[in-house]
Amino acid sequence: MIIQKLKLVSFGKFSNCEFEFKPITVFWGNNESGKSTLFDAIFDRISSPPGNTVEGRRLASRYGNNRNAEIIWNSGEVIIPSEEFLNLYAIGAGSVDMDFSSKGEWTQRIKASIFSGGIDPANVAQELDRLASEGGNYQHVRILRGKEQELEKSENSLNILNARKKEILAAEKEMDSKQQMLNELQNEIAHLTIALDEGEKSLEQQELHRKLEEVRATMEHIVRYEQTAQRNAALELYRQDMSEALQKLHAELEEKKRVFEHAGRVREQIDERKREVSLHLKEGKAKSERLRIKSVLASELLRRIEENTPKEIISLEVQWHPVGIAVMAVSIILGSILFLYLYPSSLAFIPLAAALAISSIAALFSRKKREVRERPDTGNVCAALKDEWKIRTGEELVSATLEGLQRELVRIQSEADSLDKEIAELANMEASLAGKIAEADRAWKKADEDYEEVRKRREDLFRDLKIHSSEEYAAHRTKYESVQRELQDITEIIAHDLKRYSVKSIDELKAVCHLRQSSLEKDCVSARKSEIEINRLKNEIAKKKEQLNKLQTKYVEVKSDIERCKGEVKGALGDLPQSIYEKEKEIEMLKRDIKRLRIDMEAAGVARDIFLDISRNADIVFSELENDIGLFLSEILEGERKIEFRDFNENSISITDASGRLRNIEKLSTGTKDAFVMAARFCFARKSWRWEQPGILVLDEPFHSLDRERIARTVELIIKFHREYGWQIVLFTKDEELANALMTHTGENAIRHSLSR
């Protein structure tokens with residue numbers, strides 16, 4: 001059973017708080033951060049200690065009786081008695097000790113959990129207890145039940161008789177009490193009448209205060225009207241709405257400004273383009289001069305190439321097609337093979353003749369003539385031309401043949417011609433751009449004049465309206481409209497006040513209000529109450545009137561009852577006392593019979609006590625506990641420790657110290673004793689847990705007396721206990737390093753809450 005959430009509606013310092021729980025839940029915080037409060041909230045919900053117990057009184061004293069907390073479980077709710085919870089499953093506020101003196105049910109469960117395969121003396125004792133109780137099947141038990149049923153019937157009859165007697169005797173006292181009630185009602189009616197008179201007078205005073213406030217409010221209306229009228233007169237200049245005219249002027253000015261800026265940008269763009277063209281023209285002319293020299297030289301060299309280049313030598317050459325040669329060879333070889341194969345037959349010459357014919361035809365078609373052109377050596381000519389070019393231009397020609405030199409020289413001439421055309425185009429463009437610049441200057445000046453004309457008109461209008469900007473006019477206009485609305489509202493209020501006071505002018509209204517104010521201030525002798533207090537006073541008066549009506553009605557009823565009850569009680573007892581005496585004697589005899597029958601049941605009780613004593617003193621129980629506690633203790637203390645466990649009290653438990661000497665736990669060091677008690681808690685908690693699902697351990701500062709090494713080993717034991725048995729661990733600590741270590745070793749199964757003061 002795992003706690004999923006702890007909700008604190010009102011518990012100590014926490015109000016409307018909620019904490020999520022996981023299999024490992026750590027609460028870290030300094031002193032007074034609320035760790036003990038959260039521990040007590042868990043303890044209160046799991047154990048619910050009665051208010052008359054020590055723990056119940058402690059919780060009520062510290063947190064009050066209205067404390068409210070709730071635990072959300074993943075399955076059914078767990079209820080554990082407070083003594084068992086604090087001794088086994090919880091360490092509160094650093095108190096590790098266990099209280100063995102109570103001998104609670106948990107000690108018996110621990111013993112019974114160790115017996116396996118045999119008879120548990122405690123179970124035998126339980127069976128004898130059942131036989132010795134009223135649930136047995138013996139004859140004397142059935143007789144006992146019959147007697148007890150008769151006794152119950154007789155006692156019920158006696159109770160009825162006594163009740164009748166009390167009713168008759170109470171009737172005599174009822175008249176006296178009703179007479180006293182009648183006197184009390186008279187006093188209450190008198191006091192209530194006085195209180196009603198005082199309340200109604202107070203209400204009248206509040207009505208006078210209300211009228212005085214109305215007069216003062218009217219005076220404030222008059223002052224407000226006069227002030228608003230003055231403000232309206234000061235803003236009279238803005239009665240006519242010039243917003244649209246200002247907007248049109250502003251739009252026109254913006255348009256003129258846009259045209260002016262556009263004309264400037266166009267002029268700058270044309271001027272920039274002209275500068276670029278002029279620069280390109282200048283660079284082109286310089287390049288043209290250099291290229292023109294090369295072009296003239298290229299023309300001269302081309303002419304010399306045409307005049308001095310040697311001519312080609314043309315001759316004929318015979319070529320044989322390789323396929324035809326292959327056909328000739330194959331036909332001759334095949335004809336020879338067939339000839340040899342058929343010889344000396346007369347048919348042997350036929351394939352040979354066919355082979356010769358095929359070879360002749362193939363030779364005819366395979367032979368072909370072509371022209372062969374022999375180029376003369378032009379290397380010297382090329383070298384001479386390239387050397388002359390380098391001498392006259394300082395540059396080299398890259399081609400190694402006359403054809404290449406011709407193409408290279410023609411390209412140079414083409415570049416020179418192309419550059420001349422480009423220079424001509426740039427000159428034309430420069431002249432065109434100069435004309436466009438002049439035209440753009442005229443447009444720019446015209447736009448500037450238009451812009452200044454509109455701006456002057458707007459400045460004149462600003463001066464007439466006594467403003468500096470359209471925004472300022474909008475603010476004045478808005479203020480004028482606001483004052484107009486305010487003046488209209490206050491005018492309606494003043495009209496209502498004039499009608500209410502039956503006057504025709506504001507001066508008359510002012511005079512009437514002054515007179516009424518003076519009169520009402522004299523009449524108001526009590527303090528002004530708030531509307532809430534007035535409503536409360538009205539409700540109290542209404543309640544007191546209703547209460548007075550009820551008291552008066554009750555007074556009439558009580559007075560009628562007193563007159564009716566007189567004389568009804570006389571002689572009503574009759575033979576009732578004798579009937580009561582006889583019924584008491586009958587009950588006494590039945591009680592004697594029941595007592596005798598119960599003596600017969602004591603034998604089973606004696607046997608039960610014997611087996612209970614056996615179950616308490618069985619050595620096997622404590623031997624098993626010694627082994628189990630030793631396993632947990634070896635995880636905390638270094639070295640092997642021997643444990644002697646003879647009973648559930650401190651004087652019967654011993655353990656070896658660091659030197660190997662067996663000592664009572666009360667004589668051990670605090671750290672060693674606390675380590676033993678911690679191990680015993682793990683052992684006892686696991687054995688005493690009576691639910692199928694894993695349990696829960698709640699530890700509030702459990703390591704006070706342990707050194708760092710033992711704390712680390714105990715933390716490892718807690719993690720191991722959780723992993724092996726699946727128990728939920730809830731730890732409260734102010735040691736941040738310890739909280740971090742526990743979170744590091746448990747990962748996603750853990751959650752940490754940091755508390756603050």
Side-chain angles (χ1 to χ4, degrees), residues 213 215-276 433-499 504-511 513-514:
E213 288 177 355
V215 172
R216 289 173 177 170
T218 302
M219 295 293 291
E220 291 177 358
H221 295 161
I222 295 171
V223 173
R224 181 182 164 196
Y225 173 80
E226 292 173 347
Q227 292 175 349
T228 306
Q230 291 176 358
R231 287 160 56 204
N232 183 67
L235 295 170
E236 187 66 24
L237 183 62
Y238 306 102
R239 175 189 295 273
Q240 183 179 357
D241 190 359
M242 299 293 293
S243 300
E244 185 176 353
L246 285 171
Q247 289 176 358
K248 288 181 178 179
L249 268 178
H250 179 73
E252 186 178 357
L253 186 63
E254 289 296 319
E255 177 62 22
K256 296 298 181 181
K257 182 179 179 181
R258 186 190 64 77
V259 172
F260 171 73
E261 291 174 349
H262 176 71
R265 287 194 298 271
V266 169
R267 183 183 180 281
E268 290 176 358
Q269 291 172 0
I270 296 173
D271 190 51
E272 179 66 23
R273 178 60 179 158
K274 181 178 177 297
R275 286 195 296 270
E276 291 177 359
L433 289 173
K436 289 182 179 179
I437 288 175
E439 184 179 349
D441 282 336
R442 290 192 296 273
W444 179 73
K445 290 179 182 179
K446 178 65 169 60
D448 184 36
E449 292 172 357
D450 293 345
Y451 175 78
E452 286 298 325
E453 188 272 330
V454 176
R455 187 183 65 79
K456 187 175 182 305
R457 281 194 286 124
R458 191 182 70 165
E459 291 298 328
D460 292 341
L461 184 58
F462 279 179
R463 187 168 50 256
D464 294 340
L465 295 174
K466 297 181 180 181
I467 58 175
H468 297 88
S469 66
S470 299
E471 291 76 10
E472 185 179 357
Y473 177 80
H476 285 308
R477 179 64 187 172
T478 301
K479 188 175 181 181
Y480 173 78
E481 292 175 350
S482 175
V483 170
Q484 280 291 309
R485 289 193 296 271
E486 186 177 352
L487 183 62
Q488 183 178 357
D489 293 341
I490 193 63
T491 302
E492 292 178 359
I493 295 172
I494 290 294
H496 176 73
D497 291 337
L498 291 171
K499 184 177 181 181
K504 296 181 179 180
S505 67
I506 293 180
D507 292 335
E508 292 179 4
L509 180 63
K510 190 183 298 186
C513 288
H514 277 304

List the steps and the verdict of side-chain contact (heavy atoms from CB on, under 4.5 Å) for Gln484 and Gln488. CA-CA 6 Å; Gln484 280 291 309; Gln488 183 178 357; over 6 Å; no
Criterion side-chain contact (heavy atoms from CB on, under 4.5 Å) on Lys256 and Glu452, from CA distance to verdict: CA-CA 9 Å; Lys256 296 298 181 181; Glu452 286 298 325; over 6 Å; no
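Atoms CZ and CG, from Arg275 and Leu433 in turn, are 11.5 Å apart once rounded to the nearest 0.5 Å. Here CD of Glu453 is found 10.0 Å from CG of Leu253. Values are rounded to the nearest 0.5 Å. Separation of atoms CD1 (Ile437) and CD (Glu268) is listed at 11.5 Å; rounding is to 0.5 Å. One distance of note links CG of Leu461 with CZ of Arg458; it measures 10.0 Å at 0.5 Å rounding. Here Glu226 contributes atom CD and His221 contributes atom NE2; the two are 13.5 Å apart, rounded to the nearest 0.5 Å. In this structure, CD1 on Ile493 lies 4.0 Å from CD1 on Ile490, to the nearest 0.5 angstrom.
Residue Ile270 comes nearest to Ala440 through the heavy atom pair CD1-CB, 4.2 Å, listed as atom of the first residue, atom of the second, then distance. Across all their heavy atoms, Val259 and Ala447 have their closest contact at CG1-CB, 3.9 Å. The nearest pair of heavy atoms linking Leu249 to Arg457 is CD2-NH1, 3.5 Å. Heavy-atom minimum distance, Thr218 versus Cys513: CG2-SG, 3.5 Å.
Judged purely by atom type and a 3.5 angstrom limit, Tyr225 has no side-chain atom pairing as donor or acceptor with the backbone of Ile494.
Salt bridge status for Asp460 with Arg463: present, with a side-chain N to carboxylate O gap under 4.0 Å. Salt-bridge check for Lys257 with Glu254: failed, with every basic side-chain N at 4.0 Å or more from each acidic carboxylate O. Between Glu449 and Lys446, no side-chain nitrogen of the basic residue sits less than 4.0 Å from a carboxylate oxygen of the acidic one, so the salt-bridge criterion is not met. Taking a cutoff of 4.0 Å between a charged side-chain nitrogen and a carboxylate oxygen, Glu255 and Arg258 qualify as a salt bridge. Using a cutoff of 4.0 Å between basic side-chain nitrogens and carboxylate oxygens, Arg216 and Glu220 are not scored as salt-bridged. With salt bridges taken as basic N to acidic carboxylate O contacts below 4.0 Å, one links Glu244 and Lys248. Residues Lys436 and Glu439 are not paired through a salt bridge, judged by the lack of any N-O separation under 4.0 Å between the basic side chain and the carboxylate.
Side-chain contact check for Lys445 versus Asp448: every heavy-atom pair is 4.5 Å or farther apart. Looking at heavy atoms from C-beta onward, His476 lies out of side-chain contact with Lys466 at the 4.5 angstrom threshold. With contacts defined as side-chain heavy-atom distances shorter than 4.5 Å, the pair His514/Lys510 qualifies. Side-chain contact between Leu246 and Phe462 is present, with heavy atoms from C-beta onward closer than 4.5 Å.
Between Asp241 and Ser243, the side chains place a donor N or O and an acceptor N or O closer than 3.5 Å (distance only, hydrogens not considered).
Partners of His250 by ring-ring contact (aromatic ring centres under 6.0 Å, His included), not counting sequence neighbours: none found. Under the side-chain hydrogen bond (donor to acceptor under 3.5 Å, both in side chains) criterion, Glu236 pairs with Arg239, sequence neighbours left out. Residues passing the side-chain hydrogen bond (donor to acceptor under 3.5 Å, both in side chains) test with Thr478, sequence neighbours excluded: none. The salt bridge (charged side-chain N to carboxylate O under 4.0 Å, His left out) test applied to Arg224 returns Glu486, not counting sequence neighbours. By the ring-ring contact (aromatic ring centres under 6.0 Å, His included) test, Tyr480 pairs with no residue at all, sequence neighbours left out.
Sequence neighbours left out, the pairs with a member in residues 487-499 that pass salt bridge (Lys or Arg N to Asp or Glu O under 4.0 Å) are Asp497-Arg500.
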